[in-house]
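First listed ligand is number 1; within each ligand, the first listed atom is number 1. All figures in this text were calculated on a predicted structure; none of them were measured in a lab.
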Amino acid sequence: MACGPKAMIGPSILNSDLSMLYDESEKMINSGADYLHLDVMDGHFVPNLTFGHPVVKCLRQKIPKSFFDMHMMVENPEKWVEAMADAGANQYTFHIEASKDVPALCRKIKEAGMKVGIGLKPGTDVSVVLPYGPLADMLLVMTVEPGFGGQKFMADMMSKVERLRTEFPLVNIEVDGGVSPANIDQCAKAGANMIVSGSAVVKSPQPAEVISQLKQAVQKVFPE
Ligand code: DX5
Ligand code: ZN
């Protein structure tokens, strides 16, 4: 029986019609999404603004069951842990570049009842995260510069994914940014099992088909 990382597809709704956040999220869930990847930006860590815990709380009231992976592109990620847990977040993914005390933050997230995700910007060397791998449920390799959806996938990030998969065979490894059916095989082969895809899914007239294509590709490497 397989008990390692599972193939999971988490659409990012950043580039969808945000005036209909609930409907867009429901559409993704009904199209086969395994989880929702929610992009929080503070205008400081990245040059863009999105939404915060009050919006997440409202979404959680209408979507009681789905797994919410909070991608916290914020400075001082320590600040929002309790608020996000209270809003109903399941996983709190912070950027290693933004935290002053990574082990303390991981502990705080766990104590708040959430899973721990640690993200790396494209310019951050993979070695920076290695000491903290054992503290994480998920490691996120950004495949674009965080801040905006619809950017070009950076294939040279795959060496980071490979390194992390070698070091941590059982941890979830997520890729985020420009991921689509055109590059999913590279991501899966390198060792990514949690796949964020924004524009490729939400801009498609057939999101269910795109999600299924992505999932099948990842399942070839991570069978159920
Ligand atoms: C970028 C965000 C991503 C992004 C994904 O800062 O973290 O989650 O919205 O969208 P695509 O797949 O369009 O790059
Ligand atoms: Zn993201």
Side-chain angles (χ1 to χ4, degrees), residues 8-18 21 24-25 27-28 31 33-53 55-56 59 66-75 77 80 84 89-98 115-124 136-158 160-161 172-188 192-207 209-211 213-215 217-218:
M8 288 176 273
I9 312 300
S12 154
I13 41 71
L14 184 61
N15 271 12
S16 61
D17 182 346
L18 291 175
L21 184 56
E24 295 279 40
S25 301
K27 187 164 136 194
M28 291 301 120
S31 300
D34 296 293
Y35 67 102
L36 292 179
H37 176 88
L38 301 172
D39 289 302
V40 175
M41 304 188 188
D42 68 349
H44 294 280
F45 184 73
V46 287
N48 200 2
L49 273 178
T50 54
F51 49 82
H53 54 91
V55 171
V56 177
L59 195 61
S66 297
F67 188 90
F68 287 179
D69 170 31
M70 304 308 312
H71 183 187
M72 302 299 294
M73 287 165 275
V74 301
E75 277 177 9
W80 308 110
M84 279 299 176
N90 301 97
Q91 179 160 271
Y92 193 93
T93 302
F94 66 92
H95 271 269
I96 198 156
E97 303 86 0
K115 288 185 185 286
V116 175
I118 308 181
L120 279 183
K121 291 214 275 188
T124 304
D137 297 287
M138 186 273 270
L139 298 169
L140 158 65
V141 174
M142 288 303 298
T143 43
V144 297
E145 207 54 63
F148 301 90
Q151 303 181 76
K152 191 171 172 289
F153 176 78
M154 299 164 84
D156 53 340
M157 294 297 122
M158 292 304 99
K160 289 188 190 176
V161 176
N172 287 317
I173 299 180
E174 184 177 70
V175 282
D176 179 17
V179 179
S180 75
N183 48 45
I184 189 65
D185 286 330
Q186 290 177 67
C187 298
N193 67 298
M194 287 186 82
I195 309 298
V196 177
S197 184
S199 3
V201 174
V202 300
K203 300 275 186 215
S204 165
Q206 281 148 335
E209 233 158 76
V210 181
I211 290 176
Q213 260 179 308
L214 295 171
K215 184 124 176 203
V218 184

**Item:** Proximal atoms of ligand 1 relative to His37 (non-hydrogen, under 4.0 Å)
**Value:** 8 (O)

**Request:** Return the residue, atom name and 0.1 Å-rounded distance of the protein heavy atom closest to atom 14 (O) of ligand 1.
**Result:** Gly178 N, 2.8 Å

**Prompt:** Which atoms from ligand 1 have a heavy atom of Met41 less than 4.0 Å away?
**Reply:** 6 (O)

**Prompt:** So, is Asp39 polar-close to ligand 1, with some N/O to N/O distance under 3.5 Å?
**Reply:** yes

**Complete:** Under 4.0 Å from one or more heavy atoms of His71, ligand 1 contributes atoms 7 (O)

**Prompt:** Short list, please: which atoms of ligand 1 are under 4.0 Å from a heavy atom of Pro146?
**Reply:** 6 (O)

**Asked** Would you call the rings of His95 and Phe45 parallel, tilted or perpendicular, where under 30° means parallel and over 60° means perpendicular?
**Response** tilted

**Message:** Check whether Thr143 reaches the backbone of Asp176 with its side chain - one donor and one acceptor, N or O, closer than 3.5 Å.
**Reply:** yes

**Prompt:** Between Asn193 and Ile173, is there a donor-acceptor pair closer than 3.5 Å when you use the side chain of the first and the backbone of the second?
**Reply:** yes

**Prompt:** Nearest to the Zn ion (ligand 2), which N, O or S atom of His71 do we find?
**Reply:** ND1

**Message:** Among the N/O/S atoms of Asp39, which is closest to the Zn ion (ligand 2)? Give the atom name.
**Reply:** OD1

**Prompt:** Atoms of ligand 1 less than 4.0 Å from Gly149 heavy atoms?
**Reply:** 9 (O), 10 (O), 13 (O)

**Asked** Got more than 12 heavy atoms from elsewhere within 6.0 Å of NZ, Lys27?
**Response** no

**Contact check, side chains of Val179 and Val196, non-hydrogen atoms, under 4.5 Å** = no

**Prompt:** What part of Ser199, side chain from CB on, backbone N/CA/C/O, both or neither, has a heavy atom under 4.0 Å from ligand 1?
**Reply:** both

**Complete:** Met73 heavy atoms within 4.0 Å reach ligand 1 at atoms 6 (O), 7 (O)

**Prompt:** Tell me, do Asp34 and Phe67 make a side-chain contact under 4.5 Å, heavy atoms counted?
**Reply:** no

**Request:** Could you tell me the residue and atom name of the protein heavy atom closest to atom 1 (C) of ligand 1, and the distance to it rounded to 0.1 Å?
**Result:** Phe148 O, 3.5 Å

**Item:** Donor-acceptor under 3.5 Å (Glu97 side chain, Thr124 main chain)
**Value:** no

**Message:** Testing the 3.5 Å rule here: is there a donor-acceptor pair between the side chains of His71 and Asp69?
**Reply:** no

**Request:** Go through ligand 1 atom by atom and flag the ones less than 4.0 Å from a non-hydrogen atom of Leu14.
**Result:** 9 (O)

**Prompt:** Strictly under 4.0 Å, does any heavy atom of Ala200 approach an atom of ligand 1?
**Reply:** no

**Request:** Look at atom 6 (O) of ligand 1 and find which of Gly147, Gly150, Pro11, Gly177 reaches it with the closest heavy atom.
**Result:** Gly147

**Request:** Give a yes or no answer on whether the side chain of Asp42 reaches the backbone of Glu75 with a donor-acceptor pair at less than 3.5 Å.
**Result:** yes

**Complete:** heavy-atom search around atom 5 (C) of ligand 1 in the protein gives Asp176 OD1, 3.5 Å

**Message:** Give me the residue, atom name and distance of the protein heavy atom closest to atom 12 (O) of ligand 1.
**Reply:** Gly198 N, 2.8 Å

**Message:** Among the N/O/S atoms of Asp176, which is closest to the Zn ion (ligand 2)? Give the atom name.
**Reply:** OD2

**Complete:** Residues Lys121 and Pro146: closest non-hydrogen pair is CD-CG, 3.6 Å

**Distance (rounded to the nearest 0.5 Å) between Glu174 CD and Gln91 CD** = 7.0 Å

